[in-house]
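What follows is a single structure, written as structure tokens, with notes after it.
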Amino acid sequence: MIRVRFAPSPTGYFHVGGARTALYNWMLAKQSGGKFVLRIEDTDAERNKEEWVDGICNAMSWLGITWDEGPIRQSSRTKRHIEMALSLLEKGDAYYCDCRREDVEERNKASERTKQGYDGYCRDRKLEKSPTTVLRYKVPADGSTTVHDLVRGEVVVANENIDDFVLLKANESPLFVLANVVDDIDMEISHVLRAEEHLPNTPKAVLLFNSFGKEAPLFAHVPVLVNEKRQKLSKRRDRVAVEDFKDKGFLPEAMINYLALLGWSPKDNREFMTLDEMTAEFAIEDVGHSPSFFDEKKMEHFNGVYIRALSDSDFVGLLLPFLEKTTWWQGGDGNTAKLLALAPITKERVSLLGQATDLLLPVFAPEITIDEALFEKEVAPHASLISQVATLCANLDQFDAPSIEAMLRDLSATSEIPLRKLQSPIRVATTGAKAGLPLFELWEQTGKATVIDRLLASVQDASK
RNA sequence: GGCCCCAUCGUCUAGCGGUCUAGGACAUCACCCUCUCACGGUGAAGACACGGGUUCGAACCCCGUUGGGGCUGCCA
């Protein structure tokens with residue numbers, strides 16, 4: 001049975017890189033009926049905050065990445081970590097060390113050592129535990145350690161290049177590699193799928209598994225996601241929080257679909273797939289080896305496709321929260337009905353839910369504003385035409401799209417002004433924008449009285 | 001500096017020794033559709049980092065170079 005874990009540290013918001021790693025783990029587990037464990041790696045009390053845990057869980061839930069066990073706080077298992085570390089001391093695979101960082105650096109400088117890490121100074125000093133000692137792992141002096149990686153193949157590192165790393169801090173709190181390995185053992189993790197940044201410390205983990213007399217799980221290090229400068233996506237530097245994308249109006253299904261394709265593609269190279277389809281076809285061996293640029297533009301394209309595939313009522317339902325954030329949305333059954341009527345023509349004009357509000361504002365906002373320069377250019381020169389249209393509107397019995405269209409086409413024919421030219425001034429006068437929803441439908445939903453009011457108001461303004 | 005990973009259009013990728021005058025998608029540009037804008041359609045431009053091998057044959061295998069990235073903490 002495949003058991004995977006996704007192990008974020010709550011030191012910041014949940015970003016797309018983490019989301020992709022979580023997704024790959026999820027697919028790997030689910031494709032064979034395995035289990036997905038959510039483990040919060042919060043051993044560093046200084047840097048962790050509980051609210052980030054909520055953020056991570058919420059974002060994962062929103063994306064649809066569910067967990068079967070957890071969230072388990074690693075900090076709740078400290079006693080066990082210490083116990084295991086001490087078993088290593090007893091075995092002779094660990095030792096206490098009281099070197100300060102500066103001491104090590106000085107010695108390295110003096111010795112012309114090409115390496116810069118810990119030099120093993122305390123290896124045979126047989127120090128006792130004290131408030132200033134850390135517990136270090138005694139890496140074998142020679143030989144090499146091999147990581148069997150499902151995406152990289154075999155990675156072999158000479159033991160002489162692995163520093164005697166710290167297991168327990170001076171205050172006895174466990175460090176990352178130790179806690180990681182102990183938990184992976186206890187939680188019976190079969191596959192460790194994580195970002196490539198963890199590859200360098202994996203030999204250390206392998207060494208620990210060996211020392212504990214346990215078989216190491218299968219590793220799979222997937223390439224990192226990078227920004228436009230090809231650097232690893234960073235919580236501090238790059239604005240890539242899943243939460244932010246949600247607020248902009250990305251759909252979770254679209255994000256999941258796009259994210260999965262960053263580093264992996266199905267055999268037939270098709271792009272649009274459901275989570276189930278991807279899960280069925282996902283193969284960790286097929287994951288690429290080089291970093292991928294997280295291209296928000298392309299993800300937006302995916303989102304547009306997903307939005308257009310939404311039913312009108314689903315679209316409206318998803319839109320409501322965005323509308324409610326505006327100052328002008330009134331709600332109510334009448335408005336919801338109008339929204340539903342406008343859904344088909346709105347959907348195909350947005351790639352983010354958040355973009356729909358500008359399109360819908362002319363229909364629902366009591367007041368529109370027209371940029372002065374735009375007014376002078378598009379509206380003012382055509383005051384008489386606009387006034388004429390206002391009159392024609394007033395004479396319409398039915399103020400619906402077909403009637404409006406017929407009326408304007410008729411006017412276009414008699415005035416010999418092409419419809420494309422004719423619609424411009426009246427569009428700006430009634431919406432405040434040069435482009436937007438198709439005018440006939442837009443006017444129908446805006447309502448006869450409001451349209452005429454706005455037309456006449458602009459005629460008024462033009463004469464000033 | 002040391003260790004490790006990586007290398008096909010600007011970007012995401014297909015390709016796993018001959019079917020490659022290298023395919024698709026995003027972005028860009030042009031045209032068509034069209035009440036604006038979109039959507040949709042058609043088309044254009046655009047890549048195997050470089051140098052050596054191996055082989056009858058290399059984008060695919062090997063070595064080197066160059067370039068990029070990651071790690072190098074009593075962070076994860």
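Sequence lines set the chain letters: A, B, ... in the order given, protein chains first and strands last, and positions in each chain run from 1.
- Nearest-nucleotide mapping onto RNA chain B: of A:K169 and A:R427, the residue sitting toward the 5' end is A:R427.
- Within the nucleic acid shown, A:R136 comes within 4.0 Å of sugar-phosphate atoms alone, with no base atom in reach, counting heavy atoms only.
- For A:F176 and A:H198, the ring centers are positioned less than 6.0 Å apart.
- Base contact: A:L437 has a heavy atom under 4.0 Å from a base atom.
- Counting non-hydrogen atoms under 4.0 angstrom, A:S424 reaches nothing in the nucleic acid.
- Contacts of A:V134 with the nucleic acid, taken as non-hydrogen atoms under 4.0 Å apart, include base atoms.
- Between A:F294 and A:F245, the ring centre distance stays below 6.0 Å.
- Here the CD atom belonging to A:Q74 is positioned 6.0 Å from the CG atom belonging to A:N180, to the nearest 0.5 angstrom.
- Here A:G304 lies out of heavy-atom contact (under 4.0 Å) with every strand.
- Rounded to whole Å, the separation between the C1' atoms of B:G70 and B:C75 comes to 15 Å.
- Near RNA chain B, meaning a heavy atom under 4.0 Å from it, residues 398-419 of chain A has A:R409, A:L419 in order of number.
- B:A27 and B:A44 have their C1' atoms separated by 14 Å, with the value rounded to a whole Å.
- Applying the 3.5 Å distance criterion, the base of B:C5 shares no donor-acceptor pair with the side chain of A:E197.
- A gap of 12 Å separates the P atoms of B:G64 and B:C4, to the nearest Å.
- Ring to ring, A:W67 and A:F6 are not that close: their centroids are 6.0 angstrom or more apart.
- Nucleic acid contact for A:R308: sugar-phosphate only, since backbone atoms but no base atoms lie under 4.0 Å from a heavy atom of the residue.
- Using a 4.0 Å heavy-atom distance criterion, A:L262 is classed as a sugar-phosphate-only contact.
- With B:C6, B:G24, B:C5 as the candidates, the nucleotide lying closest to the side chain of A:L199 is B:C5.
- A donor N or O paired with an acceptor N or O is not found under 3.5 Å between the base of B:A27 and the side-chain atoms of A:K298.
- A:N201 comes within 4.0 angstrom of a base, heavy atoms only.
- Within the nucleic acid shown, A:Q355 has no heavy atom closer than 4.0 Å to any nucleic acid atom.
- Scanning atom types as modelled, one donor and one acceptor separated by under 3.5 angstrom connect the side chain of A:R47 and the base of B:C75.
- The nearest heavy atom of RNA chain B to A:F176 and to A:V155 marks one nucleotide each, and the one closer to the 5' end goes with A:V155.
- Across all strands, A:T132 comes closer than 4.0 Å to base atoms (heavy-atom distances).
- Taking only side-chain atoms of A:P291, from C-beta outward, the nucleotide of B:C71, B:C6, B:C74 with the closest atom is B:C6.
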